[in-house]
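Taking it in order: structure first as structure tokens, then the write-up.
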Amino acid sequence: MKAKTIIIIVITALLTIFLMINSEPVEFDFIIGAPVAISKLIVIGICIIIGFILGFLAGRPRKTVSSYDPEIENHQANENKSTLSDEDRDYIS
């Protein structure tokens with residue numbers, strides 16, 4: 001197994017143990033409404049999932065916009081060939 005796989009398995013096992021230890025109900029106060037008794041397991045699990053999603057979105061590579069246009073390059077290549085004199089072509093080859 002690769003080191004990365006082993007680290008992922010260990011972190012997942014530790015996270016699972018942490019969630020199982022903290023399963024007793026607690027009063028959770030939402031912004032709107034009265035406090036609700038919810039298991040710590042659910043609160044911590046939802047926070048982990050939201051953190052993973054936000055981290056994935058923030059860490060993914062951005063799409064780059066290429067300004068490469070092969071038509072322009074072909075046009076420039078044709079111009080460069082026609083500007084060389086016969087002596088220059090003989091010297092280069």
- Query: Are Ile44 and Met20 in one and the same hydrophobic cluster, where Ile, Leu, Val, Met, Phe, Trp and Tyr link if side-chain heavy atoms are under 4.5 Å apart?
  - Reply: yes
- Message: If the condition is ring pair (Phe, Tyr, Trp, His ring centres under 6.0 Å), which residues does Phe28 pass it with, not counting sequence neighbours?
- Response: Phe30
- Item | Result of checking Ile8, Leu14, Thr12 against Val10 for side-chain contact (heavy atoms from CB on, under 4.5 Å) | Leu14
- Query: Are Leu54 and Val43 linked, directly or through other ILVMFWY residues, by side chains that come within less than 4.5 angstrom of each other?
  - Reply: yes
- Atom pair CD1 (Ile46) and CG (Leu41), whose distance is rounded to the nearest 0.5 Å: 9.5 Å
- Query: In terms of hydrophobic clustering (I, L, V, M, F, W, Y; side-chain heavy atoms under 4.5 Å; direct or indirect links), are Ile7 and Ile9 co-clustered?
  - Reply: no
- Task: Decide if atom CD of Glu87 counts as having more than 12 heavy atoms of other residues, nucleotides or ligands within a radius under 6.0 Å.
- Result: no
- Decide whether Ile42 and Val36 are clustered together by the hydrophobic rule: side chain heavy atoms of Ile, Leu, Val, Met, Phe, Trp, Tyr closer than 4.5 Å, transitively. yes
- Item | In one Ile/Leu/Val/Met/Phe/Trp/Tyr side-chain cluster, 4.5 Å: Ile11, Ile50 | no
- Note on the structure: One should read off an interatomic distance between Ile21 CD1 and Thr16 OG1, to the nearest 0.5 angstrom, of 11.0 Å
